[in-house]
Amino acid sequence: MADPVKGNLSIVEAFTGAVRKNPFPALVILWAVVYLPLAFGLSAAIDEDTYELTLDGEDIVFGSDRVIIYYDRETSVKGTFLFENGSGELSIEAEEGYLPMRLELEGYGKLYTADLYEWNRTWEIDGEAMGDDPGNSTWVVRIEEKVTDVPFYRDRGRTLLEGKLLYRDVATLNPPLINIFWLVPAALGGSFLVFRLYFAMFALLGGLITHGLGSRLYGKRGIWAALMLMLNPLTVYSSVGAVQDDVIVMIGFILVLMLLQMGWRRSSSAVLGIGMASKIFTILLLPGILMGEGKAIDKLKRLSIALLIPVAVILPFLLLAPEGVMNFIRLYFTGDGGGVLHGISLWRYLIDLGLLPELVLSVLPVLLVLIGASLFLRFRTRMAPIHAGWIFTILFLLFFPKVHSGYYLLLLPFAIHLIRGMDINRSLLIMSLMIIGLDLANGFGWNEGPMIIVPIILSLSLMGALIYIYGGVSVREAFTR
């Protein structure tokens, strides 16, 4: 009788041998097996609830010399038009969970707004568009359900394809370069399926880059690092489930850290600068380029490269649309997006319970003192570049008030390098499942009422797991100096 254990071992050995012998085809095949069925299946199961309606004279429920109020009885969409001295503004209100995404004026065309993506949005109407008799205008409104961030990506991509400006003509709460990525999916129709496949391609790209560069650094271990990154549940969930752009930011982290490990300091600084001009979170790697051996002048040059690129990219937009640019800067440095705090951080749930800011004012100073002392000791020991980035990424995930599930993907590129001395695969898997669980809890509406205890427990556990992994890596580093 055949031994089932030996049979299972032979299957594993055969799989291992095939992957090592043909790593790139193996990565592509495994990616296709995991990602494609999920992308097509989820897109078929989850409909895009969008509809269009017109607001015209028949929908007016109130009119005066300065105000016209529209109400569409079939959809309950309300429009309030305020006008004076040849110009005005039209506010569209949809039901909670839906967004007014597009507004057209018949006979004139599409109108643009940089108003934040909320259920109530306002478009400014100039005299040329408004005409002599606003009461005879016909407005075409497109309403889209907010399930993921795809409506935002699609809107920005289409606005750019139409030759308009970020921050001024479309709501933009991130640096400019990330929006270039939305041109391709927007040109292909911008459906949920298109975006799912698009982000899935970046997950594959991350795996291929990790293998290509990781093999030069770590030999055969590079393929396993690539598999860990590409097939991690959080990567799959973020790419084709939540449809988030953080997988693109993760690739930037991979490149910066790989180039640092290979000793290509200026190239890593340039990639870091491009990353900051796309998503500001790449700034977490900035301390890393100042760590390690080297002359102060060389470090200053690397810092200048990293900082000048985002400044050069953002400056023209700051001159053309200063208010819009300041909105995204305020969001990234304070977590304040001008609306209700979202995400999966513990602080978000405490705010929902009404326990902040009192709790933060009493607890955070103590924690910050401990963190500051830890950082001081670490800097005194000439911390390696990769560990500097690791520390600041951990601190960001612990204390930034607006943390989304996809942000935790930023840990995976570090794990590729830190996995040698400490087996954190299991910890990362558990963390990934907790992060996905927090996202699903929000989707079920458990961020309010008695069920809020579930995300609070999960977020506390997640913070504990972060501290455990950070502490494990720190201890290992201390004993291997």
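For the single chain, residues carry numbers from 1 onward in sequence order. Reckoned from all heavy atoms, side chains included, excluding hydrogens, waters and symmetry mates.
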Item to check | Pair E89, T122: side-chain N/O donor-acceptor within cut-off below 3.5 Å | outcome: no
Checklist entry - Under 3.5 Å, is there a donor-acceptor pair linking the side chains of N179 and Y153? => result no
Next on the checklist: Walk me through whether M230 and L205 qualify under side-chain contact (heavy atoms from CB on, under 4.5 Å).
Outcome noted: CA-CA 9 Å; M230 188 180 73; L205 180 61; over 6 Å; no
Item to check | Atom pair CG (L160) and CG (D169), whose distance is rounded to the nearest 0.5 Å | outcome: 9.5 Å
Checklist entry - Do other residues, nucleotides or ligands put more than 12 heavy atoms under 6.0 Å from the OH atom of Y108? => result yes
Checklist entry - Does a side chain donor of either D439 or S405 reach within less than 3.5 Å of an acceptor in the other side chain? => result yes
Next on the checklist: Under a plain distance cut-off of 3.5 Å, with no hydrogens placed, do Y167 and N327 share a side-chain donor-acceptor pair?
Outcome noted: no
Item to check | Ring geometry between Y98 and Y51 (parallel below 30°, tilted from 30 to 60°, perpendicular above 60°) | outcome: tilted
Item to check | Parallel, tilted or perpendicular: rings of W446 and F444 (30°, 60°) | outcome: tilted
Next on the checklist: We want to know whether N232 and Y237 form a side-chain donor-acceptor pair, criterion being a heavy-atom distance below 3.5 angstrom.
Outcome noted: no
Next on the checklist: Between M431 and Y408, is there a side-chain heavy-atom distance shorter than 4.5 Å?
Outcome noted: yes
Next on the checklist: Name the residue from R102, R154, R121 that meets the salt bridge (Lys or Arg N to Asp or Glu O under 4.0 Å) definition with E144.
Outcome noted: R154
Checklist entry - According to the interplanar angle, ranging from 0 to 90°, do the rings of F281 and F396 count as parallel (below 30°), tilted (30 to 60°) or perpendicular (above 60°)? => result tilted
Checklist entry - Do the side chain of W31 and the main chain of A200 share a donor and acceptor less than 3.5 angstrom apart? => result yes
Next on the checklist: Does the plane of the ring in F195 sit parallel, tilted or perpendicular to the ring in F199? Use 30° and 60° as the thresholds.
Outcome noted: tilted
Item to check | Side chain to side chain, L99 and F152, heavy atoms closer than 4.5 Å | outcome: yes
Next on the checklist: Could you measure the distance from the CD1 atom of I251 to the OG atom of S278? Nearest 0.5 Å is fine.
Outcome noted: 11.5 Å
Checklist entry - Looking only at atom types and distance, does a side-chain atom of E48 sit under 3.5 Å from a main-chain N or O of F192, one as donor and one as acceptor? => result yes
Item to check | CZ-CG distance between F202 and L204, expressed to the nearest 0.5 angstrom | outcome: 11.0 Å
Next on the checklist: Would you say that K110 contacts L103 through its side chain, given a criterion of any heavy-atom pair below 4.5 Å between the two side chains?
Outcome noted: no
Checklist entry - Taking everything shown except E124 itself, do over 12 heavy atoms lie less than 6.0 Å from its CD? => result no
Checklist outcome for this item: One should read off an interatomic distance between L346 CG and L458 CG, to the nearest 0.5 angstrom, of 11.5 Å
Next on the checklist: Taking the cut-offs as 6.0 angstrom to the six-membered ring centre and 45 degrees off its axis, would you call R266 and W264 a cation-pi pair?
Outcome noted: no
Next on the checklist: With a sphere of 6.0 Å drawn around CE of M463, does it hold more than 12 non-hydrogen atoms of other residues, nucleotides or ligands?
Outcome noted: yes
